[in-house]
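All values reported here derive from a predicted model rather than from experimental measurement. One is the number of the first residue; the rest follow in order along the sequence.
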Amino acid sequence: MKLCQCEQNLANTMAGNKRSRSSCKPRTQRRSGSRRAGLGFSVSRLERFLREGQYARRLSTSTPAFLAGVLEYLTANIPEQAGQEAETSGMVNITPEHVRRALQKNGQLRRILKLDDDTQSQVGVPQREEEEKEGGCLSF
């Protein structure tokens, strides 16, 4: 015959075991802030960064969870958009050019990241000094 937690505690106490005098309620497992919010980003780590950075004197309990949600959205949305750009151009791999084009086409991301409409890609192959002097490409 199985006894519930209350009956086990009572039996242990009567038998001389005084080690457990807890209530009848079963213990609930601890849940992290990330799990409660349903996020992959660490809420507690973001809270620590916000507190250590001293961005404000006071910090709401929901602020780190909200920030984790925003960061998770951005890190999921940007590669997804860039992947669609790569797919439309017939490529398998995402290049920085695909990311730039995806950011240019998405008005919300452009506004969040404060990009100008004429943003040029900052990624490029630096020219060698000989190329700059000659004004052309090196031949192989």
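Within a 6.0 Å sphere centred on CZ of Arg45, other residues, nucleotides and ligands contribute 12 heavy atoms or fewer. Around atom CD of Gln54, no more than 12 heavy atoms belonging to other residues, nucleotides or ligands sit under 6.0 Å away.
Asn106 and Gln108 get closest at one heavy-atom pair: OD1-N, 3.1 Å. The two residues Arg110 and Gln104 come nearest to each other via the heavy atoms NH2-O, 2.8 Å. Across every non-hydrogen atom of Tyr55 and Phe49, the tightest pair is CE1-O, 3.9 Å.
Linking Ile, Leu, Val, Met, Phe, Trp and Tyr residues whenever their side-chain heavy atoms come within less than 4.5 Å leaves Ile112 and Phe41 in two separate clusters. Hydrophobic cluster membership differs between Leu67 and Leu109, with clusters built from Ile, Leu, Val, Met, Phe, Trp and Tyr side chains linked at under 4.5 angstrom. Tracing side-chain contacts under 4.5 Å through hydrophobic residues (I, L, V, M, F, W, Y), one reaches Leu46 starting from Leu59; they form part of the same cluster.
Separation of atoms OG (Ser89) and CZ (Arg101) is listed at 5.5 Å; rounding is to 0.5 Å. In this structure, the separation between OG1 on Thr63 and CZ on Arg51 is 9.0 Å, given to the nearest 0.5 Å. In this structure, Ser42 OG and Arg48 CZ are separated by 8.0 Å, a value rounded to the nearest 0.5 Å.
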Solution key, residues 74-86 side-chain donor-acceptor pairs under 3.5 Å, sequence neighbours excluded:
from, atom 1, to, atom 2, distance (Å)
Thr75, OG1, Leu71, O, 2.9
Thr75, OG1, Glu72, O, 3.1
Asn77, OD1, Gln81, NE2, 3.3
Asn77, ND2, Tyr73, OH, 2.7
Glu85, OE2, Lys105, NZ, 2.9

